Amino acid sequence: MEDERPRYTVDEALASVGFRKFQFLVLAYSGFGWVSEAMEMMLLSFVGPAVQSQWNLSSTQESLITSAVFAGMLIGAYLWGVVSDKYGRRVFFITATVTSTAGVLSAFAPNYASLIFLRALVGMGLGGGLVLLSWFIEFVPAPKRGTWMVIFQAFWTIGTIFEASLAWIIMPSLGWRWLLALSAIPTSFLLVFYGKTPESPRYLCMKGRTKDAIEVLKKIARMNQTKLPVGVLVSGRQVEEEKGLSLESEDAMLLSSKKSEDVSNRTSDSDARRVPSVFLLLSPQLLKSTLLLWVVFFGNAFSYYGLVLLTSGLSSGHSQCLATALNTTVKSEDVNYRDIFITSFAEIPGLLLAAAMVDRVGRKLSMSSMFFLCFAFLFPLVFSQPENLTTSLLFGARVCIKTTFTVVYVYAPEVTHSDLCFLPDLM
């Protein structure tokens, strides 16, 4: 005899317990991780010129210090995504360990080769940052995820401002090694409270561990002083099966919403569940959307990090691209830390703009309009400009690119599927 008790999903349970004390604690923990990741990325604009000056590196060698971090992130993004899908979202313990350890060790790098290797390891750890973001989002009630995604990005802004302040204080007196060491410390704080972090109930339910998921949900309800829905917890897939939908995997659900036409297809559908998400994303049905999202993320990452690195270069007094100045070494004492600090604050209005536009204007129009304005701010910098005007143009461009980056983090999961847990890691 079938169990006729009411049934509810993880999303319905989260909607019932609301966004209260438990979620704020999760937000604080994951947000601190986001701050530390922003600090590690922001310091790239300070460390490169300082190491180049001290070790007499060429421009190519100096650029490779930054490139090593991004190469590590490229590897880590896919690696930690696969690991988190198999072993759980709490693998950020490993990523935080890798990032903090390699970050501190890089401060003691005796030579150029070891510095490149250690910064690549830092990048691999940073590549798992989005696992932490996914972990937070999977505790947020579905109707509020877009709003809290925008709020979560504020922690990145805090990290960039804090790192710019730290560099302004540390670099002129203590140098780049101290900056690397101090910037790695916040990541290690994630390890202190790791034992208190629960596994994502969505992940547990997806893996069939409903009893464990219920225990986590009960803990959330107790802390929030609310109650879970009456009934039995079931996965979203079970609900779809009961409605007569095809037994496609959660990853493949976004390919089609058609009902199953034949029971024999269930075997092949269950096999599809074993297919890695990356292959589903490159399937004929999803290829166009996947490539378009990758292009958007590439454009955002190229523009954002390009601006971060460009700011230190244009604030160093070597903004004229003369043929005789192409290989000019930018010394750390030449960097105008005040201007970099000022442009870091551009992310605050960028966040506010994203919050104001994302629902009123729409995702695509918000991104396209901000991309165009970013180009409008950057184009005059092709020509030599006065220092104050240069800072103003960089500030405006940073506002625009921060807006698009925030919006795309809301847009991407909506285009794919929330259960796919797919967020391309280009920040």
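For clarity, every value in this text was computed on a predicted model and none was experimentally measured. Starting from 1, each residue takes its place in the sequence as its number.
Ion pairing of Arg89 with Glu138 is present here, as a side-chain N (NZ or NE/NH1/NH2) and a carboxylate O approach within less than 4.0 Å. Under a 4.0 Å N-O distance rule, the pair Glu40/Arg119 qualifies as a salt bridge. Under 4.0 Å is where a charged nitrogen must lie from a carboxylate oxygen, and between Asp11 and Arg202 at least one such pair does.
Note that OG of Ser303 and CD1 of Ile401 are 4.0 Å apart. Values are rounded to the nearest 0.5 Å. Leu394 CG to Ile342 CD1: the interatomic distance, rounded to the nearest 0.5 Å, is 11.0 Å. In this structure, Met171 CE and Trp178 CH2 are separated by 14.0 Å, a value rounded to the nearest 0.5 Å. One finds the OG1 atom of Thr160 at 10.5 Å from the CE atom of Met39 (value rounded to the nearest 0.5 Å). Remark: Leu44 CG to Thr66 OG1 distance equals 5.0 Å, nearest 0.5 Å. Between Gln153 atom CD and Thr406 atom OG1 the span is 5.0 Å, to the nearest 0.5 Å.
Residues Trp34 and Glu37 are in side-chain contact: their nearest non-hydrogen atoms beyond the backbone lie under 4.5 Å apart. With contacts defined as side-chain heavy-atom distances shorter than 4.5 Å, the pair Glu215/Pro198 does not qualify. Counting heavy atoms from C-beta on, the side chains of Leu228 and Tyr8 come closer than 4.5 Å. Residues Leu351 and Thr403 fail the side-chain proximity criterion, which asks for heavy atoms closer than 4.5 Å. With contacts defined as side-chain heavy-atom distances shorter than 4.5 Å, the pair Val51/Glu62 does not qualify. Counting heavy atoms from C-beta outward, Leu287 and Leu291 have side chains that approach closer than 4.5 Å. In this structure, the side chains of Glu163 and Leu179 come closer than 4.5 Å at one or more pairs of heavy atoms. Residues Asp85 and Trp80 form no side-chain contact, since every pair of their non-hydrogen atoms from C-beta on lies 4.5 Å or further apart.
Residues in residues 351-380 take part in these ring pair (Phe, Tyr, Trp, His ring centres under 6.0 Å) pairs, two or more places apart or across chains: Phe375-Phe379.
Among all heavy-atom pairs drawn from Leu121 and Ala102, the shortest one is CB-CB, 3.7 Å. Shortest non-hydrogen contact noted between Ser183 and Leu166 is OG-CD2, 4.0 Å. Taking both residues in full, the closest heavy atoms of Ser106 and Leu180 are given as O-CD1, 3.7 Å, listed atom of the first, atom of the second, then distance. Closest of all the heavy-atom pairs between Ala355 and Val358 is O-CG1, 3.9 Å. Shown here for Leu233 and Val10, the closest heavy-atom pair between the two residues is CD1-N, 3.8 Å. Here the closest non-hydrogen pair linking Met367 and Thr404 is O-CG2, 3.5 Å.
Looking at Ser16, its side chain never comes within 3.5 Å of a backbone N or O of Glu12 through a donor-acceptor pair. Remark: side-chain polar atoms of Arg363 are not paired, donor with acceptor, to backbone N or O of Val407 under 3.5 angstrom. Under a 3.5 Å cut-off, the side chain of Arg398 and the backbone N or O of Ala346 do not form any donor-acceptor pair. A donor-acceptor pair is defined here as one N or O able to donate and one able to accept, closer than 3.5 Å; such a pair exists between the side chain of Tyr29 and the backbone of Leu190. For Ser53 (side chain) and Pro49 (main-chain N/O), no donor-acceptor pair under 3.5 Å exists by modelled atom type. Arg177 places a side-chain N or O within 3.5 Å of a backbone atom of Ala109 that can act as its donor or acceptor partner. Thr101 places no side-chain N or O within donor-acceptor distance of the main-chain N or O of Val98, the cut-off being under 3.5 Å.
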Could you check Tyr304 against Glu347 for side chain to side chain donor-acceptor pair (under 3.5 Å), going step by step and ending with a plain yes or no? CA-CA 11 Å; Tyr304 179 85; Glu347 301 207 358; 2.4 Å; yes
Starting from the C-alpha separation in whole Å, work towards a yes-or-no answer on side chain to side chain contact (heavy atoms under 4.5 Å, CB included) for Ser344 and Met42. CA-CA 10 Å; Ser344 297; Met42 185 66 183; 3.4 Å; yes
Please walk me through it: do Ile348 and Ile161 pass side chain to side chain contact (heavy atoms under 4.5 Å, CB included)? CA-CA 10 Å; Ile348 296 177; Ile161 294 173; 4.0 Å; yes
Test Gln23 against Ile220 for side chain to side chain contact (heavy atoms under 4.5 Å, CB included), laying out the working first. CA-CA 8 Å; Gln23 281 84 358; Ile220 298 174; 3.9 Å; yes
Between Trp156 and Val35, does the side chain to side chain contact (heavy atoms under 4.5 Å, CB included) criterion hold? Intermediate values first, please. CA-CA 5 Å; Trp156 184 277; Val35 168; over 6 Å; no
As a quick check of understanding, evaluate ring pair (Phe, Tyr, Trp, His ring centres under 6.0 Å) for Tyr203 and Tyr87, giving each step before the final call. CA-CA 9 Å; Tyr203 170 80; Tyr87 297 104; 9.3 Å; no
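Side chains of Asn388 and Thr391: no donor on one and acceptor on the other come within 3.5 Å. Checked by atom type, the side-chain pair Arg90/Thr197 shows a donor-acceptor distance below 3.5 Å.
Taking the six-membered ring wherever Trp is involved, the centroid distance between the rings of Phe92 and Trp135 falls below 6.0 Å. Aromatic ring centres of Phe136 and Phe152: separated by under 6.0 Å. Separation of the Phe155 and Phe162 ring centroids does not fall under the 6.0 Å cut-off. Between Phe70 and Tyr305, the distance from one ring center to the other falls under 6.0 angstrom. Ring pair Phe139/Trp148: centre-to-centre distance not below 6.0 Å.
Heavy atoms from other residues, nucleotides or ligands lying under 6.0 Å from NZ of Lys218 number 12 at most. Other residues, nucleotides and ligands contribute over 12 non-hydrogen atoms within 6.0 Å of the OH atom of Tyr112.
The ring pair (Phe, Tyr, Trp, His ring centres under 6.0 Å) search around Phe341 returns Trp168, Phe345, not counting sequence neighbours. Take Phe93 and apply the ring pair (Phe, Tyr, Trp, His ring centres under 6.0 Å) test, not counting sequence neighbours, and it matches Tyr194.
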